[in-house]
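When a residue number appears, it is its place in the shown sequence, counting from 1.
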Amino acid sequence: MPAPAAVGAGNYMINIGSFGNLANANALVAKLRAAGLPVRADRVALAAGSAMRIRVGPFADRAAAEAARLRADGVTATSSKVVVLD
């Protein structure tokens, strides 16, 4: 199992996406956690109904977030994005 990602009280998060199918979202959360990534999953209201927003982090700096983003992309087989929280 990979070492857990370096997490801090920083303002950098990785936006994985929002998913309307909760079963698929929960399965993705489990995969990311199994990879040692600090996952946050929140229910959000969208115009089309509710969804699960999946993010990874927070990270103390952009470099740590980018390293974790590469790991997350390997797990999800998609392209995620580092975002700065306000």
Side-chain angles (χ1 to χ4, degrees):
M1 174 183 253
V7 179
N11 289 331
Y12 294 92
M13 296 285 287
I14 302 164
N15 187 35
I16 302 297
S18 295
F19 302 87
N21 183 315
L22 297 182
N24 289 347
N26 288 327
L28 185 55
V29 166
K31 282 183 176 180
L32 290 164
R33 284 194 177 132
L37 294 163
V39 179
R40 293 189 180 201
D42 305 299
R43 283 188 175 249
V44 293
L46 303 175
S50 67
M52 180 79 68
R53 178 178 60 197
I54 301 174
R55 298 182 293 171
V56 175
F59 297 93
D61 57 48
R62 182 172 285 280
E66 287 293 343
R69 181 189 64 78
L70 293 174
R71 287 179 54 204
D73 287 356
V75 171
T76 64
T78 62
S79 181
S80 57
K81 183 178 179 179
V82 173
V83 294
V84 180
L85 302 176
D86 291 333

* Asked: Under the salt bridge (charged side-chain N to carboxylate O under 4.0 Å, His left out) test, which residues partner Arg40, sequence neighbours left out?
  -> none
* Asked: Remaining members of Leu85's ILVMFWY cluster at a side-chain heavy-atom cut-off under 4.5 Å?
  -> Met13, Val83
* Could you grab the distance from atom CG of Leu28 to atom CG of Asn21, nearest 0.5 Å is fine? => 11.5 Å
* Asked: Only one of Val39, Leu32, Val29 forms a side chain to side chain contact (heavy atoms under 4.5 Å, CB included) with Ile16, so which one is it?
  -> Leu32
* To do: Apply salt bridge (charged side-chain N to carboxylate O under 4.0 Å, His left out) to Asp61 and list each qualifying residue two or more places apart in sequence or on a separate chain.
  => none
* Supply the atom-to-atom distance Phe19 CZ to Met52 CE, rounded to the nearest 0.5 angstrom. => 10.5 Å
* If every non-hydrogen atom of Ile54 is compared with every non-hydrogen atom of Ala25, which pair is closest and at what distance? -> CD1-O, 3.6 Å
* List the atom of Ala68, the atom of Phe59, and the distance in Å for their closest heavy-atom pair. => CB-CZ, 3.4 Å
* To do: Using a 4.5 Å cut-off on heavy atoms from C-beta on, say whether the side chain of Pro38 contacts that of Val56.
  => yes
* **Interatomic spacing from CG in Leu37 to CD1 in Ile14 - rounded to 0.5 Å** => 7.0 Å
* Rounded to the nearest 0.5 Å, how far apart are CG of Leu22 and CZ of Arg43? -> 4.5 Å
* Asked: Any side-chain heavy atom of Asp73 within less than 4.5 Å of one from Arg69?
  -> yes
* Once you round to the nearest 0.5 Å, how far does NZ of Lys81 lie from CD of Glu66? -> 11.0 Å
